[in-house]
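In this text the structure is predicted, and so the values were computed from the model without any measurement.
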Amino acid sequence: MNLCYSKVLIIKWSIFHSLNTMDAYHIAYAESKEVDYFITVDKQLINASKKVNLKIKVINPIEFIMEVM
């Protein structure tokens with residue numbers, strides 16, 4: 001993912017999903033690094049990620065543990 005696309009993703013996340021810029025930046029950065037999981041306890045972030053076609057899975061720590069075991 002190039003830097004320009006990452007910036008667009010940050011703006012979209014911030015505006016359309018009522019997330020603060022830092023949350024949107026973290027998602028964009030994680031996608032740019034092609035990670036499999038983004039682990040968080042932020043329910044708003046988890047719910048917002050389900051509305052968007054992401055290459056990464058945004059998940060809480062408990063669900064992550066259950067999924068990888």
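Applying the side chain to side chain contact (heavy atoms under 4.5 Å, CB included) rule to Lys33 yields the partners Tyr29, Val35; only residues at least two apart in sequence or on another chain are considered. Under the side chain to side chain contact (heavy atoms under 4.5 Å, CB included) criterion, Asp42 pairs with Asp23, Thr40, Gln44, Leu45, sequence neighbours left out.
To the nearest 0.5 Å, atoms CD1 (Ile65) and CD1 (Ile59) are separated by 10.0 Å.
A pairwise comparison of heavy atoms in Glu31 and Ile56 identifies OE2-N, 3.5 Å as the closest pair.
A ring-ring contact (aromatic ring centres under 6.0 Å, His included) check over residues 40-69, counting only residues at least two apart or in different chains, returns the pairs Tyr37-Phe64.
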